[in-house]
Amino acid sequence: MKKLIYLVALFLGFASFAQGPLHIYNYSSYDLVGRLYANGTSPGNCLPEVFTSYNVPAGALVDIKSFNLSNMATVPINNWSVRTTSTVGATNVPVPSGLLITLGNITRWHFYWFQTRYAGTINSTPDPDFPMGENMCGWSNFTDYVYGVLTQAKWYYDPVTNETTLIVEDI
């Protein structure tokens with residue numbers, strides 16, 4: 001009985017800190033081109049780091065349930081870069097991976113820093129960069145709302161559901 005209680009407590013502990021889903025709802029007429037980033041939540045350290053370059057087409061609604069299921073998103077992610085120590089460079093990890101499952105239990109979505117581009121082109125819009133995210137680590141300068149020239153974006157984290165959402169729309 002003690003073992004069962006211990007296992008339930010352990011499972012609930014992992015579940016409460018597990019990476020929640022990320023929703024990127026690009027209601028705008030523009031492509032989003034940027035870097036998606038998640039990391040541990042220890043201030044000043046923030047390891048491990050899990051990141052990738054990620055482009056979201058105009059009008060796309062993306063739900064990323066986890067790193068390990070990111071290859072099934074509307075706009076799939078098939079590889080993540082992972083860094084577990086500050087002294088070693090990042091390693092490329094394909095999806096699916098046991099390492100990504102483990103890292104999903106100890107990380108949270110940190111930011112998506114992106115630029116808007118005219119749909120289907122490489123041409124930037126007059127919008128500023130959108131450093132959307134949270135200042136979890138003490139070394140980042142991210143914000144939860146940016147009002148650009150052509151688009152606006154809102155980033156928010158819901159601690160009750162453990163979900164992070166980014167909404168981008170035309171002004």
Side-chain angles (χ1 to χ4, degrees), residues 19-41 46-84 86 89-97 99-100 103-104 107-159 161-171:
Q19 171 194 36
L22 172 67
H23 311 288
I24 301 176
Y25 300 146
N26 184 8
Y27 296 115
S28 79
S29 306
Y30 306 95
D31 294 343
L32 312 179
V33 177
R35 174 153 291 198
L36 181 59
Y37 200 95
N39 57 270
T41 56
C46 290
L47 293 171
E49 299 171 338
V50 183
F51 55 94
T52 190
S53 295
Y54 194 54
N55 301 339
V56 180
L61 308 178
V62 179
D63 292 311
I64 301 172
K65 297 190 184 323
S66 69
F67 300 132
N68 219 44
L69 296 174
S70 62
N71 61 335
M72 297 194 304
T74 308
V75 180
I77 299 171
N78 296 312
N79 293 287
W80 290 91
S81 295
V82 172
R83 195 169 75 134
T84 58
S86 60
T91 301
N92 190 38
V93 179
V95 175
S97 163
L99 177 61
L100 293 174
L103 294 175
T107 59
R108 205 172 101 203
W109 298 108
H110 185 175
F111 68 83
Y112 181 42
W113 189 313
F114 66 91
Q115 296 177 334
T116 54
R117 305 273 171 93
Y118 291 102
T121 75
I122 60 170
N123 300 326
S124 297
T125 71
D127 273 341
D129 281 7
F130 286 81
M132 305 306 298
E134 297 180 62
N135 291 317
M136 296 188 315
C137 296
W139 49 260
S140 55
N141 189 27
F142 298 101
T143 184
D144 61 357
Y145 180 75
V146 173
Y147 189 85
V149 176
L150 302 172
T151 58
Q152 61 185 343
K154 172 74 175 153
W155 172 284
Y156 63 94
Y157 170 70
D158 183 345
T161 62
N162 196 28
E163 296 183 53
T164 303
T165 303
L166 172 66
I167 297 174
V168 182
E169 57 190 4
D170 293 338
I171 294 176

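- The shortest side-chain heavy-atom distance between Leu99 and Val82 falls under the 4.5 Å cut-off.
- The minimum heavy-atom distance linking Ala73 with Ile64 is given by the pair CB-CG1, 4.1 Å.
- For Ser66 and Asn68, the side-chain atoms include no donor-acceptor pair closer than 3.5 Å.
- Between Phe142 and His110, the distance separating the two ring centers is shorter than 6.0 angstrom.
- The shortest non-hydrogen separation linking Val149 to Pro126 is CG2-O, 3.6 Å.
- Side-chain contact check for Val168 versus Leu166: some heavy-atom pair is nearer than 4.5 Å.
- The shortest distance between side-chain heavy atoms of Val62 and Tyr54 falls below 4.5 Å.
- Gln115 and Asp129 share a donor-acceptor pair across their side chains, judged by distance under 3.5 Å alone.
- For NZ of Lys154, the number of neighbouring non-hydrogen atoms (other residues, nucleotides, ligands) closer than 6.0 Å is greater than 12.
- Interatomic distance, Tyr156 OH to Glu163 CD, rounded to the nearest 0.5 Å: 8.5 Å.
- The two residues Ala153 and Met132 come nearest to each other via the heavy atoms O-CE, 3.4 Å.
- Residues Thr165 and Ile167 form a side-chain contact, since some pair of their non-hydrogen atoms from C-beta on lies under 4.5 Å apart.
- Atom CG of Leu61 is separated from atom OG1 of Thr74 by 7.0 Å, given to the nearest 0.5 angstrom.
- Inter-residue side-chain proximity for Trp155 and Tyr112 is flagged as met; some heavy-atom pair is nearer than 4.5 Å.
- Residues Ala90 and Phe51 share a closest heavy-atom pair of CB-CZ, 3.7 Å.
- Open room surrounds OH on Tyr147; 12 or fewer heavy atoms of other groups in view lie less than 6.0 Å from it.
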Verify side chain to side chain donor-acceptor pair (under 3.5 Å) between Asn39 and Thr107, making sure each step is shown before the conclusion.
CA-CA 5 Å; Asn39 57 270; Thr107 59; over 6 Å; no
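- Among all heavy-atom pairs drawn from Ser29 and Ala119, the shortest one is O-CB, 3.6 Å.
- Atom CD1 of Ile122 is surrounded by 12 or fewer heavy atoms from other residues, nucleotides or ligands within 6.0 Å.
- A donor atom on one side chain and an acceptor atom on the other are not found under 3.5 Å apart for Ser81 and Asn92.
- No side-chain heavy atom of Trp113 sits less than 4.5 Å from a side-chain heavy atom of Leu36.
- The main-chain N or O of Thr151 is never found under 3.5 Å from a side-chain atom of Asp170 such that the two would form a donor-acceptor pair.
- With Tyr157 as the aromatic partner, Arg108 meets the cation-pi criteria of under 6.0 angstrom to the ring centre and within 45 degrees of the ring axis.
- Using bins of under 30°, 30° to 60° and over 60° for the plane-to-plane angle, the ring pair Trp80/Phe67 lands in the perpendicular bin.
- Within the 4.5 Å cutoff, side-chain heavy atoms of Leu32 are placed close to those of Thr116.
- Here the rule is side chain to side chain contact (heavy atoms under 4.5 Å, CB included) with Tyr30, and of Val56, Thr125, Thr121 only Thr125 fits it.
- Between Tyr118 and Leu150 the shortest side-chain heavy-atom distance falls below 4.5 Å.
- Residue Pro57 comes nearest to Asn55 through the heavy atom pair CD-O, 3.8 Å, listed as atom of the first residue, atom of the second, then distance.
- For the atom pair Thr164 OG1 and Glu134 CD, the distance stands at 6.5 Å (nearest 0.5 Å).
- Distance CG/Leu100 to CD/Gln19: 9.0 Å, rounded to 0.5 Å.
- Taking OG of Ser70 as the reference point, atom CG of Asn79 lies at 8.5 Å (rounded to 0.5 Å).
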